[in-house]
Amino acid sequence: MVEVEAFIVLSAALFILGAMGVVLRRNAILVFMSVELMLNAANLALVAFAWHWGGMDGHIFVFFVITVAAAEVAVGLALIVAIFRSRQSINIDELHLMEG
Amino acid sequence: MIDVPSIADLNLTVTFPAVFLALFTMVVLIVDLFIPKDRKIRTAHLTLGGLVVAFVWNVLVFDSNQTALGGMYIADSFSGFINFIALTAAIITCFLSVDYLKRTGIEQGEFYSLLLFSTAGVMFMGAASDLIVVFIALEILSIPLYVMAAMRYRDAKSEESGLKYFILGAFASAFFLYGAALVYGATGTTSLPEIFASVEGIVATDSGARLYLVLGAALIFVGLGFKVAVVPFHMWTPDVYEGAPTPVTAFMSVAAKAGGFAALLRLMVIALPELTANIGDTIAIWQTTIAIVAAATMILGNFVAIVQTNVKRMLAYSSIAHAGYILMGVAAVGTIGVAEEATRAALIYMLAYTFTNLGAFAVVMALEKDDGSGTQIADFKGLSRSRPLLAVMMAFFMLSLTGVPTTAGFIGKFLLFGAALEAGLVLLTIIGVLTSVVSAYYYVRIIVNMYLEDGEGDPAEGATQYLNYATYAAFAGTLIIGLFPFLAVNLLDTMMIAGLF
């Protein structure tokens, strides 16, 4: 029998990988994918905890997270496409019109 | 296995302001399709109608103090007051937007539905009594704002601000979500009252659950800290505020902040008395952490604002500073016995800030040109000669942001500093008072520009009919709270009698 801690360690590793991706990656699409990885790490933790506690709350939470992530994809990709159209680049280091 | 609740069990009456607004948003979205392009003002009228209905209904169910939707929604005085702030902000923003959208060529009916969605998000956030609802409300609040920030899509700055806000907002949501997952793991439930009930037992033991709980609470604080822009999670604020269309900036600076602080007060602070009850250490650490963050936020916000030349950017740093002041109230709630007073102070501060900041942005909008220029501090030179009334109101808003007596800002600061002193946060209060003095420097500079500097004076062609309504409303609100503070305090007191604590 696998302990719940094993799942949490895995999900924490995924979460940290995702967070590092957001900080280190320069391509907006990859940054966005890293955010999705963080959300899915949280999903894994929720499902593992739901299994541990034997309740439904965690499973229901995951469904809502999936829905919200889909809404975020819709808005995020639209923004990235709009930026690409006007600048032919989605490198987030080049987003520096405003400084100070 | 699953009980299907009856309609009566859902207790929909008390949720009506928020639920109605969410449904009304869809109506606006559909009706807007049939409104011809040159008559989009009708969409604005429809939106205002819906907001007013929600506002009136909110007054009727103000302090009903009941739970609804299977215990996931609390309609108490606290959520009533947050609704009040959110709806006021939305109504004024609606007036601000009508002419601005038209003259800058971004008039789209969807703008109003997005505004309504975001407002509904704030309202659900204040009333949420379940981690799932808090998360959904946070997203309903944020996702429309990402789109609205990028609404001026022909302007590269607006696009950039939208993408920056989106990436950092989604990043923050992920932190919040992971924190929520850990809290669920520690307690086995997502319902806030049940979490609070089990916190005491978990903190007393030295188990893995305690680690999950502490880590989870910290991650939730990081996630919400991004939303309300406290140091060190504030980096996105100036860029996003500068690039976004000005009505959106105005709405973001008050409504998103109110929503974030509502969730912070509910999640972090109402849980803290439970932590205090058993171990003295934990509360001290919590309160100290929040106090340090509040102090850093006030100092950085106020000092960096001094060197800004763009008014929108200056107001962005000023909004960071004000988040620090409200956070001071959040820290004060951690002391036993001060919780009620501090919550009240934070709420009244938010209401005062809502009126004042919307008014300040309204005047900025009056000066802004169609291409988005005209928002430098130098553009205010000589405004007292070209538009005397506008200059008087702007001066009043600036004094209110500084916290000069007879303005709303003074009442908010007075209550907040009082609560912080009573909570024993003397050093934090001193920092608060000193940074307020520093803030006078950059707020008064605008007044000096308007009254003492030579200059033609901007004609302020943006001050159109609807924008003037919004400016007057904000001015009236700031003045009334400033002169008759007992009105706001009584409003909150009647709510608090049966209310939160």
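Side chains included, hydrogens not; waters and symmetry mates left out as well; all remaining heavy atoms used.
Shown here for A:Ala45 and B:Ala181, the closest heavy-atom pair between the two residues is CB-CB, 4.2 Å. The shortest heavy-atom contact between B:Leu163 and A:Ala28 is CD2-CB, 4.4 Å. Of all heavy-atom pairs between A:Arg87 and B:Ala156, the closest is NH2-O, 3.3 Å. Between B:Tyr184 and A:Trp53, the closest heavy-atom pair is O-NE1, 3.6 Å. Minimum interatomic distance between B:Ala174 and A:Leu39 (heavy atoms only, all atoms of both residues): CA-CD2, 3.9 Å.
When heavy atoms are compared at a cutoff of 4.5 Å, A:Ile8 approaches chain B by way of both its backbone and its side chain. Of the atoms belonging to B:Glu159, heavy atoms from both backbone and side chain fall under 4.5 Å from chain A. Looking at B:Phe175, the atoms closer than 4.5 Å to chain A (heavy atoms on both sides) sit in the backbone and in the side chain alike. Contact annotation for B:Thr189: both backbone and side-chain heavy atoms come within less than 4.5 Å of a heavy atom of chain A. Only the backbone of B:Thr187 has a heavy atom closer than 4.5 Å to any heavy atom of chain A. When heavy atoms are compared at a cutoff of 4.5 Å, A:Ser11 approaches chain B by way of both its backbone and its side chain. Heavy atoms of A:Ala19 lying under 4.5 Å from chain B belong to its backbone as well as its side chain. The parts of B:Leu131 that come within reach of chain A are both its backbone and its side chain, each placing non-hydrogen atoms under 4.5 angstrom from that chain. Using a 4.5 Å cut-off between heavy atoms, B:Leu182 contacts chain A through both its backbone and its side chain.
Between the side chains of B:Tyr153 and A:Ser86, no donor-acceptor pair of N or O atoms lies under 3.5 Å.
Options A:Gly18, A:Ala78, A:Ala50, A:Ala74 differ in how many heavy-atom pairs under 4.5 Å they form with chain B, and the most are formed by A:Ala50.
Open room surrounds CE on A:Met20; 12 or fewer heavy atoms of other groups in view lie less than 6.0 Å from it. Atom CZ of B:Arg445 sits in a crowded spot, with more than 12 heavy atoms from other residues, nucleotides or ligands closer than 6.0 Å.
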Pairs under 3.5 angstrom only: tabulate donor-acceptor contacts from the side chains of residues 58-72 of chain A to other protein residues two or more places apart or in another chain.
from	atom 1	to	atom 2	distance (Å)
A:Thr67	OG1	A:Phe63	O	2.7

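Taking CG of A:Asp57 as the reference point, atom CD of B:Glu194 lies at 8.0 Å (rounded to 0.5 Å).
Panel note: side chain B:Tyr178, backbone A:Ala12; a donor-acceptor pair is recorded below 3.5 Å.
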